[in-house]
There are 2 protein chains.
Amino acid sequence: MKTNSKRKIIIVDDHLLFSQSLELLIKSFGDYEVVERFENGKVFIDYLEETNPTEIDLILLDVNMPVLDGLSTMQWLKDNRPDLKVIALSVNDDEEIIIKMITNGAKGYLLKDTSPEIFKEAIECVIEKGFYFTELVSGMLINKVNSDNKKISLKEKEIVFIKHACTEMTYKEIASEMCLSPKTIDGYRESLFDKLEIKTRIGLVLYAIKHKIVFV
Amino acid sequence: MKTNSKRKIIIVDDHLLFSQSLELLIKSFGDYEVVERFENGKVFIDYLEETNPTEIDLILLDVNMPVLDGLSTMQWLKDNRPDLKVIALSVNDDEEIIIKMITNGAKGYLLKDTSPEIFKEAIECVIEKGFYFTELVSGMLINKVNSDNKKISLKEKEIVFIKHACTEMTYKEIASEMCLSPKTIDGYRESLFDKLEIKTRIGLVLYAIKHKIVFV
DNA sequence: TTCGACAAGGGGAAATATACCCTTTTTTGC
DNA sequence: GCAAAAAAGGGTATATTTCCCCTTGTCGAA
């Protein structure tokens with residue numbers, strides 16, 4: 001088999017140790033070659049914009065990266081290069097992230113503890129058939145369509161309030177910080193308690209952290 | 001060079017994709033061979049106990065693993081096989097974890113975004129000289145010895161109380177849950193506020209999450 | 001043995017948070 | 001333009017949290 005008949009793969013991952021090793025693993029499969037490696041979404045997109053490559057068979061995209069993460073990169077790809085096939089790679093199985101990656105066009109989502117055999121299968125499957133989903137991911141997708149009715153949407157001001165509620169400020173202090181009457185703040189609080197099915201400010205803090213509205 | 005003159009390395013990492021790829025990378029360096037791979041601390045320790053190997057030159061130990069993580073594994077090694085040289089591998093640069101790994105005898109701590117060149121250098125350095133510390137780690141060690149005076153120790157009951165405080169229970173409910181008078185709970189609360197330099201229960205919740213006393 | 005630290009428990013008061021029931025104004029969809 | 005929401009604000013009452021100062025008994029170190 002000649003070199004240029006091999007499938008062309010690009011790796012985007014900030015863990016150099018991983019991406020460089022992975023290249024060796026992919027090479028060992030025989031039918032593939034890693035034509036480029038990038039350490040974050042930004043340099044990858046810069047490359048796409050400059051060279052506008054057309055012969056790429058597959059992108060392996062890490063989710064957790066500095067500078068421009070997998071999700072943002074995926075969103076850019078959706079808008080600008082929807083033709084590129086992407087398999088997302090990640091260590092975490094956070095449902096929210098997985099769903100977002102898929103809805104932004106990822107053709108597969110693999111955890112990094114996947115065996116090389118499954119990995120090879122996934123690569124082949126995505127290149128040939130166009131997608132590859134593990135049971136984990138399929139399960140989540142089904143789960144999602146079944147419970148997509150009661151999604152909670154928070155308004156901008158509510159988010160700001162929640163962020164403040166996750167500090168040691170009193171509601172009175174939060175009100176003055178947000179240039180609102182304490183009464184309005186009380187309204188936000190009450191409507192949030194209702195919406196989120198919580199009873200105390202502690203519950204609000206736990207919700208905020210769990211849903212990554214604030215970081216600790 | 002004959003096979004058995006190569007340096008013998010063991011990889012312990014639950015990310016099969018990573019560990020199997022890493023093996024290829026290490027092989028490509030020429031002077032090393034990966035004699036075993038394990039996917040968590042437990043199976044690694046089981047192996048050590050059964051075969052009691054003596055010719056191991058280096059262990060590459062992942063920090064974040066299921067079943068038995070890097071830290072616990074390191075503690076076991078410290079007590080049972082302090083002769084084995086370990087380089088810890090991790091994606092996170094959490095100061096607390098790094099310090100604990102080092103004080104439990106790790107000879108090096110590398111982030112997974114290390115370049116293969118540095119990685120090779122670290123392996124060589126640990127096997128030859130016995131240790132390898134990046135600037136990041138050295139910095140933390142210095143930082144630590146300079147601020148080791150004001151460490152906070154929490155008693156068992158305080159921890160239990162904190163866990164309960166991170167729920168929507170009132171202090172009264174917590175008291176009855178812990179079979180103590182509400183006034184005793186108030187005592188715990190007050191002494192913790194003092195110790196942790198916080199002013200509200202919200203602060204306590206944030207502290208607990210930041211210091212991994214509770215999980216969200 | 002005495003001293004101090006500490007755990008457990010307590011009184012009372014002030015500040016803060018929560019609940020429920022309102023009115024007025026501003027957006028928004030039709 | 002109109003009706004329906006949503007946002008902003010108000011009054012009042014209760015529950016919870018926070019703070020300060022106190023007693024009693026236990027236990028180990030000086």
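Within every chain, numbering begins at 1; the chains are lettered A, B, ... in the order of the sequence lines, protein sequences first and strands thereafter.
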### Summary
Ranking D:dT16, C:dG12, C:dA7 by distance to the side chain of B:Thr170, first place goes to D:dT16

### Query
Quick one: B:Lys199 NZ to C:dA14 C1', roughly how many Å, whole number?
17 Å

## Note on the structure
Per atom distances to the A:Arg189 side chain, the nearest of C:dA19, D:dG9, C:dA8 is C:dA19

### Message
If I take atom CG in residue A:Leu192 and atom P in nucleotide C:dA17, what distance separates them, rounded to the nearest angstrom?
### Response
15 Å

#### Entry: Minimum side-chain heavy-atom gap B:Val63-B:Ile97 below 4.5 Å
yes

### Summary
Ranking C:dT18, C:dC20, C:dG11 by distance to the side chain of A:Glu190, first place goes to C:dC20

### Task
Would you indicate, yes or no, if C:dA7 has its OP1 or OP2 atom less than 4.0 angstrom from a side-chain nitrogen or oxygen of B:Tyr188?
no

### Message
Any salt bridge linking B:Lys8 with B:Glu36? Criterion: basic side-chain nitrogen under 4.0 Å from a carboxylate oxygen.
### Response
no

### Query
In whole Å, what is the span from the CG atom of A:Leu204 to the P atom of C:dA19?
12 Å

## Note on the structure
Per atom distances to the A:Lys183 side chain, the nearest of C:dG10, D:dT17, D:dT12 is D:dT12

### Task
When you get a sec, tell me which of C:dA8, D:dC19, C:dA19 is the closest nucleotide to the side chain of B:Phe193?
D:dC19

### Message
If I take atom CG in residue B:Asp194 and atom C1' in nucleotide D:dC20, what distance separates them, rounded to the nearest angstrom?
### Response
13 Å

### Query
Between C:dT24 atom C1' and A:Leu180 atom CG, what is the distance in whole Å?
16 Å

### Message
What is the distance, to the nearest angstrom, from the CD1 atom on B:Ile185 to the P atom on D:dT17?
### Response
11 Å

### Query
Whole-Å distance between D:dT17 C1' and B:Met169 CE?
16 Å

#### Entry: Under 4.0 angstrom between B:Thr184 side-chain N/O and C:dG9 OP1 or OP2
yes

### Query
Between B:Asp186 and B:Lys157, which is nearer to the 5' end of DNA chain C once each is assigned its nearest nucleotide?
B:Lys157

### Query
Given atom CZ of A:Phe161 and atom C1' of D:dA8, what is their separation to the nearest angstrom?
14 Å

### Query
Does the distance from a Lys or Arg side-chain N to an Asp or Glu carboxylate O, for A:Asp62 and A:Lys112, drop under 4.0 Å?
yes

### Query
Nearest to the side chain of B:Lys172 - D:dT16, D:dG10, D:dC19?
D:dT16

### Message
Can you tell whether the side chains of A:Glu96 and A:Lys210 come within less than 4.0 Å, N to carboxylate O?
### Response
no

### Message
Does either side chain, that of A:Ser191 or that of A:Asp194, offer a donor lying less than 3.5 Å from an acceptor on the other one?
### Response
no

### Query
Nearest to the side chain of B:Tyr171, which nucleotide is it out of D:dC20, C:dA8, D:dT18?
D:dT18

